[in-house]
Amino acid sequence: MSEGNSNLDPMSLLQEGREEEGFALMQEQLNQAKRAFGESHPAWAAASFEAAQLHASKQDFGKARELLERACGVE
């Protein structure tokens, strides 16, 4: 796999041992969704859910819960 592959998702980066890059990419995706749609849009909720999964995979359950609660607040 080549360096800088733009098709990688945050979870793939974590699985490759590239944790810092994975979390940075996840945060950028979350920020992009927030800028594009706002925090009351389903796209932002979906990005938050994915971010929560990433945090849960690293046993950061407090942050995962926070993100899930915010995502679940979107109608």
Side-chain angles (χ1 to χ4, degrees):
M1 189 170 297
S2 64
E3 293 281 331
N5 184 342
S6 62
N7 293 326
L8 288 178
D9 63 271
M11 189 62 78
S12 294
L13 290 169
L14 260 65
Q15 291 170 344
E16 291 178 5
R18 298 163 62 186
E19 188 172 314
E20 188 173 318
E21 291 174 76
F23 277 101
L25 179 58
M26 176 270 306
Q27 188 61 53
E28 180 56 30
Q29 290 172 346
L30 196 55
N31 291 341
Q32 285 176 351
K34 183 178 178 179
R35 283 191 303 271
F37 303 106
E39 291 185 10
S40 62
H41 194 276
W44 180 84
S48 294
F49 177 77
E50 291 176 15
Q53 289 179 305
L54 200 68
H55 281 282
S57 76
K58 299 311 279 181
Q59 298 184 355
D60 183 358
F61 299 117
K63 185 65 176 177
R65 179 182 178 180
E66 174 188 327
L67 288 161
L68 282 174
E69 286 176 347
R70 292 175 68 191
C72 290
V74 175
E75 293 188 32

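Everything numeric in this text was worked out from a predicted model, so none of it was measured. Numbers here simply count residues along the sequence, with the first being 1.
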Student: Quick check for you: to the nearest 0.5 Å, what is the distance between W44 atom CH2 and E39 atom CD?
Tutor: 4.5 Å

Student: Looking at OG of S48 and CD of E66, how far apart are the two atoms once the value is rounded to the nearest 0.5 Å?
Tutor: 9.5 Å

Student: Working to the nearest 0.5 angstrom, can you tell me the gap between Q32 CD and L25 CG?
Tutor: 8.5 Å

Student: If you round to the nearest 0.5 Å, how far is CZ of F49 from CG of L30?
Tutor: 13.5 Å

Student: Give a yes or no on whether L67 and F23 share a hydrophobic cluster (residues Ile, Leu, Val, Met, Phe, Trp, Tyr; joining criterion: side-chain heavy atoms under 4.5 Å apart).
Tutor: no

Student: Mind checking the CD-NZ spacing from Q27 to K34? Nearest 0.5 Å is all I need.
Tutor: 9.0 Å

Student: Under the side chain to side chain contact (heavy atoms under 4.5 Å, CB included) test against M26, which residue among E50, Q53, H55 passes?
Tutor: H55

Student: Looking only at non-hydrogen atoms, find the nearest pair between G22 and L14 and report the distance.
Tutor: CA-CD1, 3.7 Å

Student: Report the C-alpha separation of M11 and L54 in whole Å, then their side-chain angles, then the decisive distance to 0.1 Å, and conclude whether the side-chain contact (heavy atoms from CB on, under 4.5 Å) test is met.
Tutor: CA-CA 6 Å; M11 189 62 78; L54 200 68; 4.0 Å; yes

Student: Which heavy-atom pair separates A33 from A47 by the least distance, and what is that distance?
Tutor: CB-CB, 4.0 Å

Student: F61 and side chain to side chain contact (heavy atoms under 4.5 Å, CB included): which partner among R65, K58, Q59?
Tutor: Q59

Student: On a heavy-atom basis, which atom in S40 and which in V74 lie closest, and how many Å separate them?
Tutor: O-CG1, 3.4 Å

